[in-house]
A.B. asks: 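Provided herewith is a single structure, encoded as structure tokens, for subsequent inquiry.
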Amino acid sequence: MKLIIFILSLTSITACSELGVKPWERNVLAKPEMSLDSTPLTSALDDHTYFSKEASSGGRGFGGGGCGCN
Amino acid sequence: MKKHKKITMALAVATSSLMSVTPDVHAEESADIGDWDIDAAVLYYTESDRVSAFEPVISAKKQIDTDESISLKLTLDSLTGPSANGAVPSINPQTFTKPSGNNGYTTSANETPLDDTFKDTRIAFNASWEQALTRMTRLTLGGNISNEYDYLSLGLSAVVAHDINQRNTTFTTGVSFANDTIDPEGGLPIAFGVMQPSGTLQPRQTDSDDKTIFDVLFGVTQIIDKDSLFQVNYSYSQADGYLTDPFKVISVVDGVTGLPIIEDATTNLSQVVYENRPDSRAKHSVFTQYKRNIIGDVLDVSYRYMFDDWDINSHTLDFRYRLKTSETTFWQPHLRYYQQSEADFFRPYFISGQHPGEGTDNVYATSDYRLGEMTTYTVGLEYGEKYHDHGWSISGEFYLQSISEPTKKVGQLVQQELYPDVDAFMLRFSYDF
């Protein structure tokens with residue numbers, strides 16, 4: 001069942017004719033794990049690692065500087 | 001007082017060097033006014049035979065009022081272990097001089113030259129303040145300072161988020177500015193200066209230099225339906241100033257044998273010249289993210305395309321699936337794929353007689369693999385428990401960097417692997433108080 005919903009979800013962006021919800025329909029979206037960056041602390045650790053090992057940075061947020069590692 | 005779980009209502013939480021500007025267009029619960037909400041995490045990163053890093057971080061957020069909050073974050077970053085200096089391997093042992101100029105180190109035959117003196121500790125402090133400007137508009141101001149033995153970074157940022165369409169759509173605009181100063185041990189090398197034996201005069205210019213980084217970001221977050229949302233960001237980053245890595249060198253080899261030229265026979269010092277990069281770089285990034293609830297599970301997919309005026313472009317694909325195994329536990333597999341092209345001045349080595357002369361500032365070259373053609377893979381798994389007022393998680397991830405070999409190699413370099421794979425393991429633990 002989850003697999004079917006998973007596959008359907010991949011096409012849901014284009015399938016939606018009306019985007020958005022009413023305020024009382026936000027109970028799922030309001031869950032912490034549905035936040036776009038639900039773990040900012042660990043995201044920052046990951047970003048810093050990749051910043052120092054690859055030629056790209058940022059995207060989700062500012063690319064910035066801040067370290068002599070790159 | 002019973003402590004409520006926070007949902008990060010803040011538009012931005014200052015991060016160590018890369019400030020997130022992810023808008024949260026929803027919040028399940030509010031933190032109690034006046035309470036501090038504290039999160040902590042620690043990362044252990046280790047590469048096979050190379051760098052290790054230990055990075056603890058703690059953050060605290062206080063809800064000053066219903067529409068105002070402050071966030072503080074402290075990061076420590078301890079690095080140690082050898083790092084590739086950029087020179088090619090050889091069938092003979094090679095000697096190099098350490099950045100200080102006082103000592104040397106030797107690389108065995110057929111081994112990638114690694115500078116084993118790499119050791120540094122970084123401390124970073126971030127603060128941000130968020131305030132509602134109107135019922136639909138929020139402003140976040142941030143500042144950060146990051147300091148290590150030879151590097152200092154100071155940064156400021158401002159982000160405005162505006163909701164429309166019954167808060168189903170959020171527009172985000174942000175700017176940030178950073179000024180970084182580098183002051184390496186031994187001073188900054190002269191472009192394409194030849195490394196000299198330890199204890200003798202090295203080709204140095206000044207003691208320190210700096211660079212500025214200016215970023216702008218525009219984003220749109222859209223709620224699709226009661227289970228899903230997506231985000232699209234465009235960001236532009238302009239860096240000016242000293243962008244060279246003062247510790248990286250490029251080998252000078254014989255055009256027939258491929259053997260490094262011997263600069264000093266007494267110490268067996270190979271001839272290497274210091275790299276030189278352009279003094280400006282403009283990067284463009286487009287980032288998209290899609291998140292969907294699937295009967296309690298969460299699908300999280302993102303893609304980033306980056307290109308710059310160094311002729312580097314990259315694709316980053318990130319996939320996470322948070323599998324809810326009970327009301328309080330979850331497993332989350334993670335896959336990340338990254339691919340980049342090489343900078344237009346990427347040069348694995350120079351043929352003797354063809355390298356730019358010392359002080360040739362208007363010619364650029366680097367052999368740093370991080371600016372070469374590369375594909376990286378991350379595979380990880382996280383387990384977490386989440387309760388009403390606290391939670392924790394632990395994750396382990398493997399990270400592999402697969403770097404492309406030069407298509408043309410001469411002499412003994414044909415038998416050598418100039419850019420061997422780099423593999424790393426990351427262990428991360430986070431606790432939400």
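Numbers restart at 1 for each chain; the letters A, B, ... are given by sequence-line order, proteins then strands.
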A.B. asks: Dump the intermediate steps for side-chain contact (heavy atoms from CB on, under 4.5 Å) on A:Met34 and B:Asp227, then the final yes or no.
C.D. replies: CA-CA 9 Å; A:Met34 282 301 289; B:Asp227 289 309; 5.9 Å; no
A.B. asks: With a 4.5 Å cut-off on heavy-atom pairs, point out which of B:Ile312, B:Asp308, B:Val175 contacts chain A the most.
C.D. replies: B:Val175
A.B. asks: Distance from A:Trp24 atom CH2 to B:Lys226 atom NZ, nearest 0.5 Å?
C.D. replies: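 The distance works out to 14.5 Å.
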A.B. asks: Heavy-atom cut-off 4.5 Å, strictly under: side chain, backbone, both or neither for A:Thr39 against chain B?
C.D. replies: neither
A.B. asks: Assess, by modelled atom type and distance only, whether the side chains of B:Thr378 and A:Tyr50 contain a donor and an acceptor separated by less than 3.5 Å.
C.D. replies: yes
A.B. asks: Quick check on B:Gln340 against chain A: is it the side chain, the backbone, both or neither that has a heavy atom closer than 4.5 Å?
C.D. replies: side chain
A.B. asks: Any side-chain donor-acceptor pair under 3.5 Å between B:Ser314 and A:Glu54?
C.D. replies: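 There is no such pair (donor and acceptor under 3.5 Å, judged by atom type) between the side chains of B:Ser314 and A:Glu54.
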A.B. asks: List the steps, then state whether side-chain contact (heavy atoms from CB on, under 4.5 Å) holds for B:Tyr369 with A:Lys53.
C.D. replies: CA-CA 9 Å; B:Tyr369 77 84; A:Lys53 306 303 294 182; 3.4 Å; yes
A.B. asks: Quick one: does B:Leu43's side chain get under 4.5 Å of A:His48's, heavy atoms only?
C.D. replies: no
A.B. asks: State plainly whether the residues B:Arg336 and A:Asp46 are in salt-bridge range, i.e. N to O under 4.0 Å.
C.D. replies: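 A salt bridge is absent here (no side-chain N lies under 4.0 Å from a carboxylate O).
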A.B. asks: Would you say B:Arg304's side chain and A:Gly58's backbone share a donor-acceptor pair under 3.5 angstrom?
C.D. replies: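 Yes, B:Arg304 side chain to A:Gly58 backbone: donor-acceptor pair under 3.5 Å.
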A.B. asks: Distance alone, cut at 3.5 Å: any donor-acceptor contact between the side chains of B:Lys283 and A:Ser56?
C.D. replies: no
A.B. asks: Salt-bridged, A:Glu33 to B:Arg320, with N to O below 4.0 Å?
C.D. replies: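 Salt bridge absent between A:Glu33 and B:Arg320.
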A.B. asks: Could you measure the distance from the OG atom of A:Ser57 to the CD1 atom of B:Ile213? Nearest 0.5 Å is fine.
C.D. replies: 9.0 Å
A.B. asks: Can you tell me if OH on B:Tyr149 sees more than 12 non-hydrogen neighbours from other groups inside 6.0 Å?
C.D. replies: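 It does not: B:Tyr149 OH has 12 such atoms or fewer within range.
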A.B. asks: Heavy-atom distances under 4.5 Å only: say whether B:Glu47 touches chain A with side chain, backbone, both or neither.
C.D. replies: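 When you check distances to chain A, only side chain atoms of B:Glu47 fall under 4.5 Å.
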